[in-house]
Amino acid sequence: MKIATFNINGVKARFETLPRWLEEAKPDVALLQEIKSIDENFPREIFENLGYQVETHGQKSFNGVAILSKIPLEDVKRGLPGDDTDEQARYIEATVMAETPIRVCGLYLPNGNPTPGPKYDYKLAWMERLIARAETLLATEEPFLMAGDYNVIPQDEDATRPDAWHSDALGLPQSRAAFRRLLNLGLTEAFRACTSNAGHYSFWDYQAGSWDRNDGIRIDHFLLSPQCADLLLDCQIDKEERGRSKPSDHVPVWVDLAA
DNA sequence: ATGCCCCACTCTGTGGGA
């Protein structure tokens, strides 16, 4: 089973790019971030016609996450627990009813800039809530994964210019420490379980010719529970998507699971 | 160099992204 994550930077702007990628990459499940659409305006028919069940958690203009699945989804939950006042649509969960059912959590972790400030405080608090959610799911001992745009550069080898990010919300020691605490619960970072060398990125800024200069960062991640990591066959980044027409600034990342 | 480019929703400029 192939499960992908893709920050699409606006579903309306990706009217051609997204269906074309789905037809080529053929993921069984796609976790989408930054749909930038309310649920009512999400073009669900396009994806239903490609054989996907569509579950969205959107809001006006910003953020918004969705799950597309060719395998039936059950028990869809919208929003990250832990703060009833949080109105930003950044989290969605569902169980993929494969032969081995997998709980999938799609997330769009806050950027956190500028730092320090309230936006960075919100990021760190959001990460605490994600850690708490992971602890709850780990207690079930069922296979699950948390995937999406983490807005965290885990280590220096995950950036072309690591020094440029050391005082940025994506690369600050505190951001990296919170990401490590999530891993240290017992989660496996799928890409690093499959690939050890530097120079692999999932985001290139639209500005300053970042793609042409290969000035990238790796911020889109798959974290697998122990029972899910046992099923891991492969994890890859679809880098070439960044060079095609009307690209998002992120590219898809996917895992292949024996499920 | 708080800008470069792209997106959404328009008070066709502004706020947000990373």
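A note on names: the letters A, B, ... follow the listed sequences, proteins ahead of strands, and every chain is numbered from 1. On a predicted model such as this, the values are computed, not experimentally measured, just so you know.
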_Looking at Asn113(A), I'd like to know whether one of its side-chain N or O atoms comes within less than 4.0 Å of OP1 or OP2 on dG16(B)._
no
_Any N/O donor-acceptor pair, Asn151(A) side-chain to dA18(B) base, under 3.5 Å_ = no
Report, one line per pair, each donor and acceptor closer than 3.5 Å where one atom sits in a side chain of residues 65-76 of chain A; sequence neighbours left out.
unit_1   : atom_1 : unit_2   : atom_2 : d
Ser69(A) : OG     : Ile71(A) : N      : 3.1
Ser69(A) : OG     : Ile71(A) : O      : 2.5

_Separation of the P atoms in dG3(B) and dG15(B), to the nearest angstrom_ = 12 Å
*Is any side-chain heavy atom of Arg192(A) closer than 4.5 Å to a side-chain heavy atom of Asp158(A)?*
yes
*asked:* Using atom P in both nucleotides, what's the gap between dA18(B) and dC7(B) to the nearest angstrom?
replied: 14 Å
Grab the N/O contacts between the protein and nucleotides 1-4 of chain B below 3.5 Å, and write none if there aren't any.
unit_1 : atom_1 : unit_2    : atom_2 : d
dC4(B) : N1     : Gln207(A) : OE1    : 3.3

_dA18(B) OP1/OP2 closer than 4.0 Å to side-chain N/O of His250(A)_ = yes
*Do Tyr120(A) and Ile153(A) sit in the same hydrophobic cluster, where Ile, Leu, Val, Met, Phe, Trp and Tyr count as joined when their side-chain heavy atoms come under 4.5 Å apart?*
no
*Rounded to whole angstrom units, what separation is found between the CZ atom of Phe203(A) and the P atom of dC7(B)?*
13 Å
*Is any side-chain heavy atom of Leu130(A) less than 4.5 Å from a side-chain heavy atom of Leu80(A)?*
yes
*Mind calculating the distance between OH (Tyr120(A)) and P (dG17(B)) to the nearest angstrom?*
15 Å
*Between C1' of dA18(B) and CG of Asp158(A), the distance in whole Å*: 15 Å
*Which other residues end up in the same hydrophobic cluster as Trp254(A), if Ile, Leu, Val, Met, Phe, Trp and Tyr are linked when side-chain heavy atoms come under 4.5 Å apart?*
none
Sub-3.5 Å pairs of nitrogen or oxygen atoms, protein against nucleotides 8-12 of chain B:
unit_1 : atom_1 : unit_2   : atom_2 : d
dA8(B) : OP1    : Ala13(A) : N      : 3.4

*Not counting sequence neighbours, which residues clear side chain to side chain contact (heavy atoms under 4.5 Å, CB included) with Ala89(A)? List them please.*
His57(A), Gln59(A)
*asked:* Just to verify, which of Arg103(A), Arg78(A), Lys77(A) counts as forming a side-chain hydrogen bond (donor to acceptor under 3.5 Å, both in side chains) with Glu93(A)?
replied: Arg103(A)
*Atom-to-atom span, CD of Gln33(A) to C1' of dC7(B) - whole angstrom*: 16 Å
*Whole Å only: how far is the CZ atom of Arg161(A) from the C1' atom of dA18(B)?*
12 Å
*Under 4.0 Å between a side-chain N/O of Tyr150(A) and OP1 or OP2 of dA18(B), yes or no?*
no
*Short side-chain to backbone donor-acceptor contact, Asn113(A) and Ala169(A), under 3.5 Å*: yes
_What is the distance, to the nearest angstrom, from the CH2 atom on Trp211(A) to the P atom on dC6(B)?_
15 Å
*Rounded distance in Å between the P positions of dT10(B) and dG16(B)*: 16 Å
*Aromatic ring pairing Tyr91(A)/Trp126(A), orientation class (parallel under 30°, perpendicular over 60°, tilted between)*: perpendicular
_According to side chain to side chain contact (heavy atoms under 4.5 Å, CB included), who are the partners of Arg244(A), at least two apart in sequence or on a separate chain?_
Arg20(A), Glu24(A), Glu241(A)
_Pairwise C1' distance, dC11(B) and dA1(B) [rounded to whole Å]_ = 29 Å
*Gap in Å between the two C1' atoms, one belonging to dT2(B) and one to dT12(B), rounded*: 23 Å
